[in-house]
Amino acid sequence: MRDLVGKLVTSALEALQEEGVIPSEAALTIQIERPRDKKHGDFSANAAMVMARHARMNPRKLAQMILDKIPEDSAVERWEIAGPGFLNATLAGDARAAVIGKILKERERFGLSTIGGGKRVQVEFVSANPTGPMHVGHGRGAVIGDAIARLLAATGHAVEKEYYINDAGVQVGVLGRSVLFRYRALFGDTVTIPEGGYPGEYVIDVAKALQERDGDRWLETARSDQAPPEEVVDFAIATVMAMIRSDLDALEIRFDSWFSERTLHSDGKIAAVLERLAAKDLLYEGVLEPPKGKKTDDWEQRPQTLFRSSQFGDETDRPLKKSDGAFTYFAADIAYHHDKAERGFERLIDVWGADHGGYIKRVKAALEALTGRKDILDVSLVQMVNLSRGGTPVRMSKRAGTFVTLREVVDEVGSDAVRFLFLTRSGNAMLDFDLDLAVSRSNDNPVYYVQYAHARVCSVQRQMEEKGLSATVGEDLDRLVEPAENSLIQLLSKYPEVIDNAALSGEPHRLPYYLLDLASAFHTYYNGHRVLEEDGALRNARYSLVEAVRQVINNGLTVLGVSAPERM
RNA sequence: GUCCCCGUAGCUCAGUCGGAUAGAGCAACGGAUUCCUAAUCCGUAGGUCGGAGGUUCGAAUCCUCUCGGGGACGCCA
């Protein structure tokens, strides 16, 4: 419909161009929008205001000339000039109601689009270190990343979800050491967790699992205080990753692939990528300036292998090797992102915590240097979650082992509510998450509001059967004449645009807000109008409408990974 | 010192590519159920869109400056 309106206005403008009213070189960049106010019709074109300058006449006068040239079309009931020169189109009733028939025909396919054109896109998210269970902040990134992936899939992209496992740094060694301490304790040794070790309870679980599998095989090693053997570290990583997978599973999040940082080292991919950079003369041995604004007491100037990322928009050049000669995390990250590009993805999306925002420029710089493509990577930053309980902040410290895990929250609140609450907020705003509020199954919880709308329609369905009534969907839609019905129809017709916009902008929160709007319009309607009317034609019309609402809510919730219950 | 995010009603937040009289939920107050689920609805009240300039037909939205809050800034991840 929107396209049709645009086409009509454009053809009018072209006619005026031929007549010389509008200079032929002027670009016809008009916008068709949906007016906020119902009085302004179904669609609104700003053509006259945009073109007024080119035509050198006042917008209202030009609007009249455009209006005179707009071709007749049965779908548009009338055109009006309003405000500073808007051209407002009001659709004919049947053209507007046609969306109901479309929804009831396409069912779960309604709203899916092909704007992605089958483009291969990879979404990398979560990528939490395999050193402990996920916390609430990870959960937010996980849910948002998953929703972005689902939105892209719904809009015709070939999406792959990937988890990058940081299994190569010193922190996994710390994990191994921590496990061995707990392991010793299981055999009666009195131990204290060393400075910098992981104190969490889960470490005990890992140690127990190790004991169960290997008995006392590692006891001597553990007591000897030497570096944890690779086999123990591997076991610890695998066990923790199993926890993480289980946490993700509880949130309905499934990945297509899991990428191990270690393989970058073992396959020589990091060394290879450094060679490529060296071949482009983008590496050198140099010394960095001390960072500003941070205490620099222990700063030592050391020559390091640096990447000339400042040539690609970064603030400074970045080190690729530590002072001991080992690769930096950044070096591995370059190799990883290069590998993604090599795998043939046309677009890469990373979802990171906001505290990693400083890395965007350097990773983009590296990708541009290696692939020559500036825009292949988009990074979505997800801001922090501030946990509170009954209004008082919950202090969390991984070091002290006092943190609320994601799993605890999901187990208490449920996947639906957690997902919806996380998604009903822009990712780049901080999120205050009150455990008491989320845990209480109160009516304040927006997810229930939307789900209830769905359940209510299902209830109408059941009532209809019980009463021995029937309705033919898609029939007698001309009986939908009430203002509340028009509002609903208009909202329904917006759904495909909401999906496309949310997907293209990478902002999933638009969808929950839309669903809340739709549910609200439905509840208003439901309170004031009976669906199961005696009048069969009216019943057909109204049942078709609410069934279309149910279908769209179902489709939207599915994209969000939230269930649509039939009764509550 | 530099970079990123945020600032909109008492609170929590939406606000599409710059569009018409800036919206919702919660909280407050007053109402609605002989009738398909009251996990709902209706009404009242609530605003210097942090501030100042600028761009233009038109700015919460874009640009510059500024104030406030958060985050980041060598070898960690």
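All figures in this text were calculated on a predicted structure; none of them were measured in a lab. We name chains A, B, ... by the order of the sequence lines, and we start the count at 1 in each one.
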side-chain N/O A/Lys322 vs B/G74 OP1/OP2, d < 4.0 Å = no

The residue, A/Arg530 or A/Phe43, whose nearest nucleotide of RNA chain B is more 5′ is A/Phe43

Rounded to whole angstrom units, what separation is found between the OH atom of A/Tyr514 and the P atom of B/G23?
-> 20 Å

Are any of A/Thr424's side-chain N or O atoms less than 4.0 Å away from OP1 or OP2 of B/A14?
-> no

Compare side-chain N and O positions of A/Tyr526 against OP1 and OP2 of B/U33 and report whether any pair is under 4.0 Å apart.
-> no

Closest to side chain of A/His509, choosing from B/C17, B/G15, B/C76 | B/G15

Side chain of A/Pro319 only, please: which of B/G74, B/C6, B/C76 is the nearest?
-> B/G74

Counting side-chain heavy atoms from CB outward, which of B/U16, B/C41, B/G71 is closest to A/Thr524?
-> B/C41

Length of the CZ-P vector between A/Arg456 and B/C41, whole Å | 8 Å

Planes under 30° and centres closer than 5.5 Å, is that true for A/Phe86 with the base of B/A20?
-> yes

Do any N or O atoms from the side chain of A/His523 and from the backbone of A/Tyr449 form a donor-acceptor pair under 3.5 angstrom?
-> yes

Whole angstrom value for the distance that separates C1' of B/G15 from CG of A/Leu516 = 14 Å

Out of B/G19, B/C3, B/G74, minimum distance to the side chain of A/Pro84 belongs to B/G19

Can we say A/Asp3 and A/Lys7 salt-bridge, meaning some charged N sits less than 4.0 Å from an Asp/Glu carboxylate O?
-> no

How many Å lie between CD1 on A/Ile553 and C1' on B/U40, as a whole number?
-> 13 Å

Donor/acceptor link under 3.5 angstrom from A/Asn88 side chain onto base of B/A20 | yes

RNA chain B nearest-nucleotide lookup for A/Ser426 and A/Arg510: closer to the 5′ end is A/Ser426

Between A/Trp352 and A/His337, what is the ring plane arrangement, given parallel below 30°, perpendicular above 60°, and tilted in between?
-> perpendicular

Whole-Å gap separating C1' (B/C76) and CD (A/Gln171) = 8 Å

Could you state the NZ-C1' distance from A/Lys321 to B/C76, rounded to the nearest angstrom?
-> 19 Å

Rounded to the nearest angstrom, tell me the gap between atom CG in A/Leu504 and atom P in B/U16.
-> 15 Å

What's the closest nucleotide to the A/Gln31 side chain, out of B/U40, B/C17, B/A20?
-> B/C17

Could you give the OH-to-P distance, from A/Tyr329 to B/C75, as a whole number of Å?
-> 12 Å

Please determine, for the side chain of A/Asn428, which listed nucleotide (B/G19, B/A39, B/C5) has the closest atom?
-> B/C5

Would you call A/Arg479 and A/Glu482 a salt bridge, taking side-chain N to carboxylate O under 4.0 Å as the test?
-> no

Below 3.5 Å, does any donor atom in the side chain of A/Ser44 face an acceptor in the base of B/A20, or the other way round?
-> yes

For the side chain to side chain contact (heavy atoms under 4.5 Å, CB included) test, which of A/Asn445, A/Val143, A/Leu557 pairs with A/Phe420?
-> A/Leu557

Among the candidates B/G19, B/U40, B/A14, find the nucleotide nearest to the side-chain atoms of A/Tyr513.
-> B/A14

Closest of B/G19, B/G74, B/A14 to the A/Gln304 side chain is B/G74

